[in-house]
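Heads up, the thing below is written out as structure tokens.
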Amino acid sequence: MTRDSWGIVKQDLKLKVGHNNFVTWIEPLEFGSLDDGILTFRVPSMFIGNWVSRYFCDQIIDEANARGAGVRRLAFVVGEPANRPVPCNGEPDAAPADKAPAPARTAAPASGMTITGARLNENYTFDAFVVGKPNELAYSAARRVAEGGPVTFNPLFLYGGVGLGKTHLMNAIAWELRARDPGARVLYMSAEQFMYRFVQALRDRQMIDFKQIFRSVDVLMVDDVQFIAGKDSTQEEFFHTFNALIEQGKQIIISADTAPGEISGLERRVVSRLQSGLVVDLHPTSYELRLGILQRKVEQFRDQFAGVRIGEGVLEMVAHRITSNVRELEGALMRLFAFGSLIDRGEVDQEATRECLSDLMRTYDRRASIDEIQRKVADHYNIRISDLVGPKRTRIYSRPRQVAMFLAKEFTDRSLPEIGRRFGGRDHTTILHGIRAIAKLCDTDSQTAEDVDMLRRVLRDI
Ligand code: ADP
Ligand code: MG
């Protein structure tokens, strides 16, 4: 058998095992060799090898032999072929399995079983969470749940794009609940860890223990639940665990990167269960929130990097220019501090910031010119460009004009006087005023926030 003929066998297997099993377990198998009747695969982790050898061994051998391969048994190696293969028949031995990079995998004790959740991050507390318009609903809901007491929203479903604070809020809830009641059994884990535990329990024939442990917690938190989409048996188990806990009035908190109904590959009944409590989202950050977060983080970094000073206007510049998510914002600030600690005076000014963060901030530069911004904004508000930059002061022109100024600041490297010149020769203080006005409106007026978000998307796609 060759790599190519394995490709054919794989297609046969796809029909046999079904799409989901195929994607999860068969697809990751990389043909290694066929020697003396032993078909060896390279696998990304021994966990996958063990699982395949337990549940798909016979089917793989049958299909391979139906194509005349003459396979007697399977073996799996992790990554490099030099690793010790795990035999397919009989119990996979423990040693290589322990090397598997399965996250937070714990060996099952001989009697009974323990499940510990993921380690909580001590920096992820409510105190350290900066609240602004885009996240205040999620924050308040999290706070309410963390107070304990009678369960009000069950489940609490938090969703939002990457790096917007879902994991932070969940950790904060866990810390708070533990502080209020040290005896409370609060289990926090990622959906991925849930799946590993589940699979491990199946493998070790400890499903009863598994069920019992999950059903005896007071609060269950599962992070990034989109991970189990398409993983049928895990989903099934999750659903049962979920129902059992809800019926007992235990609190459940779930996070995902999109709304429940938008996670593809999630069964309808799971979706409707997830929707049955309170669903809140974390919106993309606003300028004000980003600035607030940066100011807070500067305080935190100050001890770590004594002597480093952040120059005037730097935080504003970073908040304007790095808009993707909070994680990236933190990374940028960290870099500035590291940079500051390497230079003599220790002051990081705007010039140094531009240089130091050029890769993060450059992304917009070439993509939108002031001309393009003006054109898109005028289109969006259905006004003429001459009116956008002209002298008329009525709201229908002045608001779009300010939005265009705001975006010009965000998307280009132009100074305020330069922007002023491009907007009918206005003074730089007028531009500054316009930018500030829009930044503020983004936080208080949802229509403006939507307009700006939409235009940002349009401009990014240029
Ligand atoms: P997610 O789980 O939504 O991908 P995280 O919770 O991991 O995002 O957040 C990414 C980083 O940003 C973390 O270091 C977190 O502490 C920080 N962060 C996110 N939102 C805030 C906020 N509102 N205030 C302070 N830090 C935040
Ligand atoms: Mg997360």
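Note that ligands are numbered from 1 as they come in the structure, with each ligand's atoms numbered from 1 the same way. The analysis underlying the following values was restricted to heavy atoms, covering all of them including side chains, and did not include hydrogens, waters or symmetry mates.
Under the 3.5 Å distance criterion, with hydrogens and angles disregarded, a donor-acceptor pair is assigned to the side chains of Q447 and D451. For the 3.5 Å distance criterion, the side chains of D223 and S190 fail to qualify, holding no donor opposite an acceptor. Side-chain contact check for H240 and E236: at least one donor-acceptor pair (N or O, by modelled atom type) lies under 3.5 Å.
The pair R321-E410 fails the salt-bridge criterion, with no side-chain N (NZ, NE, NH1 or NH2) lying under 4.0 Å from an Asp/Glu carboxylate O.
For ligand 1, none of its N or O atoms has an N or O atom of V162 under 3.5 Å away. Looking at ligand 1, you'll find an N or O of V130 within less than 3.5 Å of one of its N or O atoms. Close N/O approach between L164 and ligand 1 is found [any backbone or side-chain N/O within under 3.5 Å]. Considering backbone and side-chain atoms together, G163 places an N or O closer than 3.5 Å to an N or O of ligand 1.
Looking from atom 14 (O) of ligand 1 to the surrounding protein, the closest heavy atom is E330 OE1, 2.9 Å. Scanning all protein heavy atoms for the shortest distance to atom 25 (C) of ligand 1 gives A128 O, 3.3 Å. The nearest protein atom to atom 8 (O) of ligand 1, hydrogens excluded, is given as G165 N, 3.1 Å; this is a heavy-atom distance. Considering only non-hydrogen protein atoms, atom 13 (C) of ligand 1 sits nearest to Y124 OH, 3.4 Å. Summary of contacts: the protein heavy atom closest to atom 12 (O) of ligand 1 is V326 CG1, 3.2 Å. When hydrogens are left out, the protein atom nearest atom 15 (C) of ligand 1 is H168 ND1, 3.3 Å; that is the closest non-hydrogen contact.
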- Item | Audit row: Y139, F126, ring-ring contact (aromatic ring centres under 6.0 Å, His included) steps and yes/no | CA-CA 8 Å; Y139 172 82; F126 281 122; 5.7 Å; yes
- Message: Checking V130 against L289 for the side-chain contact (heavy atoms from CB on, under 4.5 Å) test, could you report, in this order, the C-alpha distance in whole Å, the side-chain angles of both residues, the deciding distance, and whether it holds?
- Response: CA-CA 7 Å; V130 181; L289 177 60; 4.0 Å; yes
- Query: Checking side chain to side chain donor-acceptor pair (under 3.5 Å) for the pair D257/Y159: CA distance, chi angles, key distance, verdict?
  - Reply: CA-CA 5 Å; D257 59 357; Y159 76 92; over 6 Å; no
- Give the intermediate values and the outcome of salt bridge (charged side-chain N to carboxylate O under 4.0 Å, His left out) for residues E330 and K297. CA-CA 8 Å; E330 283 180 343; K297 304 274 171 192; 2.6 Å; yes
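Contact annotation for T167 and ligand 1: heavy atoms of both the backbone and the side chain come within less than 4.0 Å of the ligand.
Ligand-side atoms of ligand 1 in range of N135: 23 (N), range being under 4.0 angstrom from any heavy atom. Counting atoms of ligand 1 from 1 in the listed order, those under 4.0 Å from a heavy atom of K166 are 1 (P), 2 (O), 3 (O), 4 (O), 6 (O), 8 (O).
The option with the heavy atom closest to atom 5 (P) of ligand 1, from among R327, M170, R290, is R327.
Ring orientation note: the planes of H168 and Y124 are close to parallel, at an angle under 30° on the 30°/60° scale.
Taking the six-membered ring for Trp and the full ring otherwise, the centers of F214 and F194 sit less than 6.0 Å from each other.
Within the 4.5 Å cutoff, side-chain heavy atoms of R180 are placed close to those of E147.
Only protein N, O or S atoms were scored, and 1 of them lie under 2.8 Å from the Mg ion (ligand 2).
The cationic atom of R42 (NZ for Lys, CZ for Arg) does not lie both less than 6.0 Å from the six-membered ring centre of F76 and within 45° of the ring axis.
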